[in-house]
Amino acid sequence: MAVEVCICLKDHLDSVEKIQDISPLEGDLEWVEDEIHTKEIAFVEVEEEDNKRKPIVVILVGAPGSGKSTFCDHVMRVSTRPWVRVCQDTIGNGKAGTKAQCLAMSVTSLKDGKSVLIDRCNLDKEQRADFVKLGQSHKVDIQAMVLDLPAKLCISRSVKRTGHEGNLQGGKAAAVVNRMLQKKELPKLNEGFSRITICQNENDVRAAMDTYGALSSADTLPSGCFGEKKTDNKVQVGIMKFLKKVDAPSKVSSDKTIPGSSSRTTKENPTLNEGQEQSGTCPLEGVPTLAFPSISTADFQFNIEKASEIIVETVEEFVNKIGNARLVLVDLSHGSKILSLVKTKAATKNIDPKKFFTFVGDITKLRSRSLHCNVIANAANWRLKPGGGGVNAAIFDAAGPELDTATKKRAGSLTPGKAVTVSLPSTSPLFSKEGVTHVIHVLGPNMNPKRPNCLKNDYNMGCKVLREAYSSLFESFASIVRHQEKLSDSSCVEPDAIPHCDQKVRREEASVAEKNKKFKGFIEVAESEKWDALDGKQNATDCGKTGGHVKKDWGTWSQALYRIAMHPEKHKNDVLEVTDDVVVLNDVYPKAQKHLLVLARAEGLERLADVGREHLPILRTLHAVGLKWAEAFIKENESLIFRLGYHSAPSMRQLHLHVISQDFNSKGMRNKKHWNSFTSPFFLDSVDVIQEVREQGKATLKDDDKLLSMELRCNRCRSAHPNIPRLKSHISICKAPFPAHLLQNNRLLHAPIKDDPC
DNA sequence: GTTCTAGAAC
DNA sequence: GTTCTAGAAC
């Protein structure tokens, strides 16, 4: 029991008020702490049985706009632990608050047995020291919650906000945030923290919110540094370098007890679990692993001998396509016939036992058997409904209603031979307890006359469908692994530091949709789209390559230009000019006052990636036609300035040159992608493309999607703006000269500059 | 309450 | 490419 010896808050606040009168905001307040001690606010030694109710002090660390208050609000709203938010911006009741007031309030709160969230910037060690000492003197855990978000994001939020408690908003915010970040000093454990959580993007923040939000009075969080960057990027110079989707490397440790955390610490040198059938395997956390049951051999009564052959053959086909990832056939019963058959057949085929092995155990409780599988397969029913017994019932039971809900969002039913991947919400017990991030529902052939779609002993069809089922399953798993590898590669994490930690998983989950979007229509996504097997939308039938690039599989909507290029006579109302080589038309959704497209009419020339030296004549023709139109527009309106160029990765099929005026004054210019596709290096000037193709045989594409999500910067003065409306109001008045590189090599087309008569 | 963004669907 | 819309931000 925490017992107050003596305290008079009023005395403290009186003292604090006096101090405030003579102290600068961030002055040395050590003696306040001493004063507090002399008044003696302390806890009587807390005994072991009460340790669980010990309050904690969480010191937020982050620039204005990093989301400290949002974090506090969320945690206080959802956590059952009593919290007090100590906010310097509000503590002064309208006047500027002081650190001393924050310290005093913290003391009072701890005295009341409440945990404390220190909501102030605390960006350097010195700022944090008093709060650390305070916690130490009261023998409570001091934890740091670092919101190390991109400067650009903090600035954007700060600039935008109105009514901020600390009156830091609008134009001055950017300068303040930048200045503060120059002094940023990430906390270290040796400052006195028992736990440090570093969040570097909004997904990390959400994960941390969940972790702290889940804390009841009795819960504790493991000690250590979570999400630590490999290098301390202390100085964030300027905002230009900060892209919105910065996802810095992280190294996260574990927490087995709190949902929203994950485990790694205990599994560095695992021993084989007794349930493990195959030797030579290592149940390491972090190795992507698919646990799957034998499909169709239980209730669907598929012949076990045939099934085992199909399993091993399909495994053999896939096992080398999934890197270091592992496949594990799981069965609940010891002496399982299917396991022994598969094990024997796998051995005869010399399948690497580290990549494929069998395991006896409950597929929903593998982590507790020291086998961490981030993906599990479910032998589903065609309705994708919970219940029914067997593996399906067990998985839906273990995953909670979250799986049912998430499954419904993905698909309503499943065809035999198909698989559908469902991302498990972090709130699912299977996620939090077992570290399972995805469930792949798979439906095999049914040979049981009492079940739907019985094949009536037609094993020709049955084997075909079962093989297809395993292929779909493994392909879906491979797709997940590929996504994870891409993310790992891009985050530069040390190879041994890629556990399936919660924060990483959340980042991955959040990024999957983005990755899908990036590759939408390409082979990569066609594979992941098989997650949604029933949608029938994956149409990656065209898997050929053109010009060394994966050929894009264009959707219906993206074929409009192609259709016009091939049959301009059917679009007479839309086209402005037709020749044997090109079609000119207004962009249907112009992004500027004048915005034309010059289409190449050659079949098979779908995008810039297809262009080689042999296409130089058509590139020159496109340029010449574009130039002619731009000059005509300039003649009509001398204030217009044009660029001619290509998108590195166009959305529409058929090579097309944009002829676009640089005012970008159009209601069609509506979002960041639009803006950046014409003002970032994603837009390749026609003159440069021609030169590169002539000299190198191809254009250097800049199709990194980071370019399209870059911060919004004026195309003239390069100033940053928080959103499209603000940007548009800026560019409507900005008369700054264009960046120097655009002024060279005729990249910009404009009216002749008249000689100054003076 | 409104504004804005971003993802899903097309 | 757009439209629609949920949800974040304010």
Side-chain angles (χ1 to χ4, degrees), chain A residues 64-71 73-74 77 149 152-170 173 201-203 205-206 209 243-245 406 408-411 423 509-521 525 528-529 531-532 534-539 552-565 574 585-591 595 597 599 606-607 646-654 656 658 660 666-678 682 705-706 708-712 721-729:
Chain A
S66 60
K68 299 186 295 297
S69 297
T70 305
F71 179 91
D73 289 345
H74 177 86
R77 192 169 62 248
L149 273 71
K152 178 252 161 201
L153 182 60
C154 300
I155 290 168
S156 169
R157 287 174 177 170
S158 302
V159 168
K160 276 192 288 186
R161 65 189 175 191
T162 56
H164 175 238
E165 293 163 339
N167 197 30
L168 182 63
Q169 58 202 38
N201 58 45
E202 290 171 272
N203 293 322
V205 176
R206 278 192 284 276
M209 280 181 177
L243 302 175
K244 180 158 189 182
K245 299 197 182 303
K408 283 193 173 84
K409 286 181 185 170
R410 294 290 299 159
S423 290
E509 294 221 328
S511 301
V512 162
E514 191 181 339
K515 293 281 175 185
N516 281 352
K517 191 174 179 183
K518 173 180 176 183
F519 293 108
K520 189 141 190 164
V525 106
S528 63
E529 286 293 329
W531 291 5
D532 208 345
L534 275 192
D535 279 1
K537 288 175 186 165
Q538 72 273 21
N539 50 358
K552 185 166 178 170
D553 181 32
W554 303 93
T556 310
W557 53 263
S558 63
Q559 309 263 15
L561 298 181
Y562 171 74
R563 288 193 288 267
I564 293 171
D574 300 316
L585 71 159
N586 277 309
D587 193 304
V588 180
Y589 299 96
K591 305 301 184 293
H595 186 183
L597 303 177
L599 314 184
E606 298 185 347
R607 51 185 178 148
Y646 300 87
H647 282 157
S648 290
S651 297
M652 304 293 283
R653 177 181 181 185
Q654 197 62 12
H656 55 282
H658 290 271
I660 185 165
S666 169
K667 63 180 181 182
M669 177 60 78
R670 284 193 312 226
N671 60 43
K672 184 176 276 187
K673 186 177 175 184
H674 292 156
W675 179 257
N676 286 327
S677 71
F678 289 101
F682 184 88
D705 64 354
K706 278 183 179 169
L708 296 178
S709 55
M710 271 174 60
E711 61 197 352
L712 297 166
H721 300 271
N723 54 45
I724 289 288
R726 298 272 194 101
L727 173 73
K728 291 180 84 166
S729 63

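Computation of the quantities below employed the complete heavy-atom set of this structure, encompassing side-chain atoms and omitting hydrogens, waters and symmetry-equivalent molecules. Fair warning: this is a prediction, and the values are worked out from it, not measured in the lab.
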Using a 4.0 Å heavy-atom cut-off across all strands, classify A:S651 as base, sugar-phosphate, or nothing.
-> base
Using a 4.0 Å heavy-atom cut-off across all strands, classify A:H656 as base, sugar-phosphate, or nothing.
-> nothing
Just by modelled atom types, is the A:H674 backbone N or O under 3.5 Å from a matching donor or acceptor in the A:N671 side chain?
-> yes
Residue list, ring-ring contact (aromatic ring centres under 6.0 Å, His included) with A:H595, at least two apart or on another chain | A:H658, A:F678
Taking only residues two or more places apart in sequence or in another chain, which ones pass side-chain contact (heavy atoms from CB on, under 4.5 Å) with A:D574?
-> A:H571
Rounded to whole angstrom units, what separation is found between the CZ atom of A:F71 and the P atom of C:dA8?
-> 16 Å
In Å, rounded to the nearest 0.5 Å, how long is the span from OG1 of A:T556 to CZ of A:R563?
-> 7.5 Å
To the nearest Å, give me how far apart CG (A:D587) and P (C:dT2) are.
-> 8 Å
Expressed in angstrom and rounded to an integer, what is the separation of A:L585 atom CG from C:dG1 atom C1'?
-> 13 Å
What pairs with A:S666 under side-chain contact (heavy atoms from CB on, under 4.5 Å), at least two apart in sequence or on another chain?
-> A:P590
Should A:H674 be listed as having a side-chain N or O under 4.0 Å from OP1 or OP2 of C:dT2?
-> yes
Rounded to whole angstrom units, what separation is found between the CE atom of A:M652 and the P atom of C:dT2?
-> 9 Å
Let me know the distance between CG of A:L708 and P of C:dG1, rounded to the nearest Å.
-> 9 Å
Decide yes or no for A:W557 and A:M652: does some side-chain heavy atom of the first lie under 4.5 Å from some side-chain heavy atom of the second?
-> yes
For the pair made of CZ in A:F682 and C1' in C:dG1, what is the distance, rounded to whole Å?
-> 12 Å
Listed pairs, N/O of protein and of nucleotides 3-6 of chain C, under 3.5 Å:
residue	atom	partner	partner atom	Å
C:dT3	OP2	A:R670	NH1	3.0
C:dT3	OP2	A:R670	NH2	3.1

Which part of the nucleic acid, if any, lies within contact of A:L561, taking any heavy atom under 4.0 Å across all strands shown: a base, the sugar-phosphate backbone alone, or nothing?
-> nothing
A:S677: partners by side-chain hydrogen bond (donor to acceptor under 3.5 Å, both in side chains), with sequence neighbours left out = A:H647
Rounded interatomic separation in angstrom, taking CH2 from A:W554 and P from C:dT2 = 15 Å
Starting from C1' on C:dA8, measure out to CG on A:L149 and report it in whole angstrom.
-> 14 Å
